[in-house]
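These notes concern the structure reproduced below.
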Amino acid sequence: MHAYRTHNCGALTKENIGETVRLSGWIHRKRDHGGVLFVDLRDHYGMTQVVAKEGSEWLDLLDHMPNESVLTVTGEVVYRGDDAVNPKLATGEIEVVADDVVVQSRAKELPLPVAGEQEYPEDIRLKYRFLDLRRETLHKNIMTRVAVVSDMRERMKAAGFNEFSTPILTASSPEGARDFLVPSRIHAGKFYALPQAPQQYKQLLMVAGFDRYFQIAPCFRDEDPRADRLPGEFYQLDLEMSFVTQEEVWDTMEPVIAGTFEAFANGKHVTPSGSFPRIPYAEAMLKYGSDKPDLRNPLIITDVTSHFTTSGFGLFEKIVGSGGVVRVIPAPNTHEKSRKFFDDMNDWARKEGFAGLGYVTCKGGEFGGPIAKNHGQEGMEALYAELGLGENDGCFFAAGKESDAAKLAGAARIRVGEQLDLIDKDRFELAWIIDFPFYEYDEDEKKVDFSHNPFSMPQGGQEALETQDPLTINAYQYDLVCNGYEIASGSIRNHKPETMVKAFEIVGLSKADVEEQFGGMYRAFQYGAPPHGGMAAGVDRIVMLLCGAQNLREITLFPMNQKAEDLLMGAPSKPEPKQLRELHLRVVEPVKKEGEGA
RNA sequence: GCGGGUGUAGCUCAGUUGGUUAGAGUAUCGGCCUGUCACGCCGAGGGUCGCGGGUUCGAGUCCCGUCACUCGCGCCA
């Protein structure tokens, strides 16, 4: 007989009755009835009830063995009896009578119970991640993640993509996020950087003629986290294709993404491949106030600026007069809502740092609230007619500078949708957001800058760069969104060196700068570069959506906390002086704030 | 860097207007219990109320500071 097990803890059924088997696993829970003791023995595959009866030499040992201790149990499989069957358990018809027990590993008192689905403090969960990972939901989420990654890989291979690995130690890139740096021992004062994404490598693979690349790629960015953004490192389904238009990238990836979603959606609706809406960025910002709209939310924002060029409501008239805009977020069927509902929305907007959120109530066709009063009955009727609002629909107003108003309207759209419970949780609504602007005006630096990706191809190419107002140029740049999350981003790349130089010139960088900062790629483009493009999908976010988790830590094996610390391994840690010497480094502690220390 | 929330037993939480000895569940330990599956019953141990300062006759409760965890803003091509 095998030293540890003949079956796993989820395997035994009525078929095995009468067999002598050996199981190994953790003590999930025990139930002591004096003369009879039940032990739920758990492993990765399931749970089996072990029983020790009166007179058993193992009864006392098992009774005093702490939960989560690891045992090997040998004994006969018996039927539980008609009254004792547990239909909730796959092995619920049988149990194993303990004939021999070996304690492989005794557990101390647990800082974090494994059985049960209670919530526990984040720091304890992270410090004892190995225990947390034994718990049912997290264990299951991780296995879903494994299956999703495997599924994506199969679909990509089937679509003709080849999987490549690219370097982890690379060069710092001046664009984008803050890099993680790795000091060089051999080159004093020089550093490698961990890749923020394999962007340049995958483009070089296209130049090298490999045609279709993909990778489940680790990416490293030293930025502050969010619930949907892990600190430090995360994974992308990264891909690149040669000789393609952006439509071909979309057409290629829709079946992959929709296919993976459908495979793990548990019957929830998924936008079918071939019918992902393609929404221009400008339209998304107007209608949804966001470049990652949640299309489960039925509310649509409308611009009503023209209604307020002359209005009894002085504040909006003034905002419109000085070049601002007014946007409306409908609040359908709110005639029964109290004044508090509307006032609370305004308070919320102020708390979020906006000037305020106006509102109009409407009950049986009768308008209420200060805006309606001042704007006048006729004006309100015209407004409602244009918006198609009914006699019991209220609405909210976001007014101000266009970018601020759009942002507020977008946030308010989400909040109104939540408050009125308009969002269908059982859907995955996928859409492409396309035609992102190539440049944007940087208010802080007072200059034009790249708005997204400097490697993407401006629509209109070299000619647009030479003749158009830079702020009106769009890029062949697109995102994929799902339920309010950006789950992928990509573009057709700029493979023409002279266009690259021109594009960088507009943000104030010279040809020499381009050669210095993107030397490898710039050189590559001199020797025959295929037109190419691709995208990268956030594996973590997709898994989070598919698991119904609110937080990336719920789908990640060993995440760091919000301060980018690994509480289990103790990273980051102080190096030994010898290590620093070898790396030619000296630590300069930050200056302490006033009033601290001696 | 900034703003919000939370912090009371190993863990999950309650704790009234500031008022006597800070409670419950669970876990741990001891006892009882022959069919449970979140078993049940009896008992015991377990507290720097995150930390520091202040107000007060008196602080878990009020005020200031600080730390930890977290959510958001900035940031994230």
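Protein chains get the first letters and strands the later ones, always in sequence-line order, with residue 1 at the start of each. Source: prediction; values computed, not measured.
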Determine the contact category for [X]: base if any of its heavy atoms lies under 4.0 Å from a base atom, sugar-phosphate if only primed atoms, P, OP1 or OP2 are that close, otherwise nothing.
{"X": "A/F38", "value": "base"}
{"X": "A/H28", "value": "nothing"}
{"X": "A/S451", "value": "sugar-phosphate"}
{"X": "A/A84", "value": "base"}
{"X": "A/K407", "value": "sugar-phosphate"}
{"X": "A/P121", "value": "sugar-phosphate"}
{"X": "A/R553", "value": "sugar-phosphate"}
{"X": "A/N561", "value": "sugar-phosphate"}
{"X": "A/L37", "value": "nothing"}
{"X": "A/V507", "value": "nothing"}
{"X": "A/E95", "value": "base"}

Go ahead and name the base partner of [N]; Watson-Crick or wobble counts if both distances stay under 3.5 Å, otherwise write none.
{"N": "B/G18", "result": "none"}
{"N": "B/G3", "result": "B/C71"}
{"N": "B/A44", "result": "B/U28"}

>> Looking at every non-hydrogen atom in both residues, tell me the closest pair between A/G508 and A/D513 and how far apart they are.
In response: O-OD2, 4.5 Å
> For A/Q477 and A/N453, which heavy atoms make the closest approach, and how far apart are they?
Replying inline: OE1-CB, 3.5 Å
On the side chain of [X], is there an atom forming a donor-acceptor pair with the base of [N] - under 3.5 Å, no angle test?
{"X": "A/R221", "N": "B/C76", "answer": "no"}
{"X": "A/K108", "N": "B/G10", "answer": "no"}
{"X": "A/N86", "N": "B/C37", "answer": "yes"}

Considering only side-chain heavy atoms of [X], which listed nucleotide, [options], is closest?
{"X": "A/R80", "options": "B/U36, B/U34, B/C69", "result": "B/U36"}
{"X": "A/K88", "options": "B/G74, B/C76, B/A38", "result": "B/A38"}
{"X": "A/R29", "options": "B/C39, B/G35, B/C69", "result": "B/C39"}
{"X": "A/R31", "options": "B/C39, B/C11, B/A68", "result": "B/C39"}

>> Checking A/Q215 against A/T166: is there a side-chain donor and acceptor pair closer than 3.5 Å?
In response: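 Side-chain D/A pair, A/T166 to A/Q215: present.
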> Phosphate oxygens OP1/OP2 of B/C71: is one of them under 4.0 Å from a side-chain N or O of A/Q562?
Replying inline: yes
>> On RNA chain B, does the nearest nucleotide to A/D83 precede the nearest nucleotide to A/K563 from the 5' side, or the other way round? Give the residue.
In response: A/D83
> More 5' along RNA chain B: A/P111 or A/E223, using each one's nearest nucleotide?
Replying inline: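 It is A/P111, whose closest nucleotide lies nearer the 5' terminus.
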>> Please tell me whether A/F504 and A/F450 form a close aromatic pair, meaning their ring centres lie under 6.0 Å apart.
In response: yes
